[in-house]
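Only one structure is covered here, and it is reproduced in the block below.
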Amino acid sequence: MFPVYSLFESNELLVLWQDWAFSIVKQLFVEKEVTDYSVNHMFEDMYYMPGFFTFLFGDGLYTCANGSYYGHTDVGFMRLLLYGGIFDLCLIYSIVIYLARIILRISKSSVFRHFIFLATLLFFILEMKGESYQRAFMLLYPLYLIQNLTNNTDTKNENKTQNIYYYSCV
């Protein structure tokens, strides 16, 4: 049994979050129909095409004066689109994808590469429901640093081993 499952069993708030975050995936791919109010509301009211100027450049607003979501949407990519336009959205997403690709390229472990792939996929799933790009950075950047440290340590150890072999043969 995975430790994550035991967390969900012991914490009711995590179960509620899991149900909220993955209801779209469950309904679209498991149940093959959308029945949840939250998912219906998201598709009917929170996904829409903004005006041309807003689409290109954004409105520079993230929240309304009363603190509610600007554009009445909490969908991650819609909030970025409304704030900074399509170029801002592409920039943010390309940074996440670029960071994930670097980690995949430098990683020597297939398990670690699968983890990074699934974490990136999870990012896009969560962006359909709410904003998660900040969390993607908070997850991927430390993993990038760890992977670099591991690679540098492995390289230094290989060089020491090669030097020992070289000097023992001389």
Side-chain angles (χ1 to χ4, degrees), residues 2-105 112 114-148:
F2 294 111
V4 174
Y5 292 130
S6 61
L7 282 174
F8 285 116
E9 290 174 0
S10 64
N11 190 329
E12 195 172 306
L13 289 175
L14 283 175
V15 173
L16 290 173
W17 176 83
Q18 178 190 20
D19 291 344
W20 171 82
F22 294 100
S23 63
I24 186 171
V25 174
K26 180 181 174 192
Q27 288 181 31
L28 290 177
F29 298 108
V30 177
E31 297 171 356
K32 307 282 192 224
E33 64 178 333
V34 178
T35 57
D36 183 54
Y37 169 76
S38 174
V39 175
N40 279 329
H41 173 62
M42 182 180 61
F43 280 121
E44 292 172 3
D45 302 327
M46 294 188 185
Y47 288 154
Y48 59 89
M49 180 59 83
F52 182 73
F53 184 80
T54 302
F55 180 80
L56 282 181
F57 305 109
D59 293 333
L61 297 171
Y62 209 67
T63 57
C64 296
N66 65 0
S68 64
Y69 295 127
Y70 178 72
H72 306 289
T73 183
D74 67 345
V75 174
F77 71 88
M78 284 298 297
R79 294 196 72 197
L80 284 170
L81 185 68
L82 293 173
Y83 178 78
I86 190 69
F87 300 112
D88 185 49
L89 177 72
C90 290
L91 177 66
I92 295 292
Y93 282 9
S94 65
I95 291 170
V96 171
I97 292 169
Y98 179 72
L99 188 55
R101 287 184 65 204
I102 287 174
I103 297 169
L104 290 171
R105 189 177 68 228
F112 194 77
H114 282 90
F115 174 75
I116 295 300
F117 174 76
L118 292 174
T120 308
L121 180 64
L122 177 65
F123 156 70
F124 284 108
I125 291 170
L126 292 177
E127 275 288 303
M128 293 177 1
K129 191 77 173 172
E131 61 184 341
S132 66
Y133 70 91
Q134 304 98 332
R135 290 164 192 86
F137 290 131
M138 290 187 308
L139 171 73
L140 291 175
Y141 188 65
L143 293 175
Y144 166 74
L145 294 175
I146 290 168
Q147 199 60 47
N148 263 345

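Counting from 1, the numbers follow the sequence of the chain as shown. Any value given below was found using the heavy atoms of this structure, including those in side chains, with hydrogens, waters and symmetry copies removed.
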Ignoring hydrogens and angles, tell me if any N or O in the side chain of S68 forms a donor-acceptor pair with the backbone of C64 under 3.5 Å.
no

How long is the span from the OG1 atom in T120 to the CD1 atom in I125, to the nearest 0.5 Å?
11.0 Å

Should the heavy atoms of other residues, nucleotides or ligands under 6.0 Å from OH of Y48 be counted, would the total exceed 12?
yes

Are any side-chain N or O atoms of Y83 and backbone N or O atoms of D88, one a donor and one an acceptor, separated by less than 3.5 Å?
no

Pick from L56, D59, V75, I86: which one makes a side-chain contact (heavy atoms from CB on, under 4.5 Å) with L81?
I86

L99 pairs by side-chain contact (heavy atoms from CB on, under 4.5 Å) with which of L104, L139, I116, L140?
L140

Centre-to-centre under 6.0 Å for F123 and F137, is that the case here?
no

Using a 6.0 Å cut-off, check whether atom OH of Y98 has over 12 heavy atoms from anything other than its own residue.
no

Contact between F112 and I103 at the side-chain level, heavy atoms closer than 4.5 Å - yes or no?
yes

To check you understand the geometry: which heavy-atom pair defines the closest contact between M46 and M78, and what is its length?
O-CG, 3.4 Å

Under a 4.5 Å cut-off applied to non-hydrogen side-chain atoms, are R101 and I97 in contact?
yes

Given side chains that start at C-beta, do those of E127 and L80 come closer than 4.5 Å, heavy atoms only?
yes

Distance flag, aromatic centroids of Y93 and F124, threshold under 6.0 Å:
yes

Flag the pair L82 / R79 as yes when at least one side-chain heavy-atom distance between them is below 4.5 Å, and no otherwise.
no

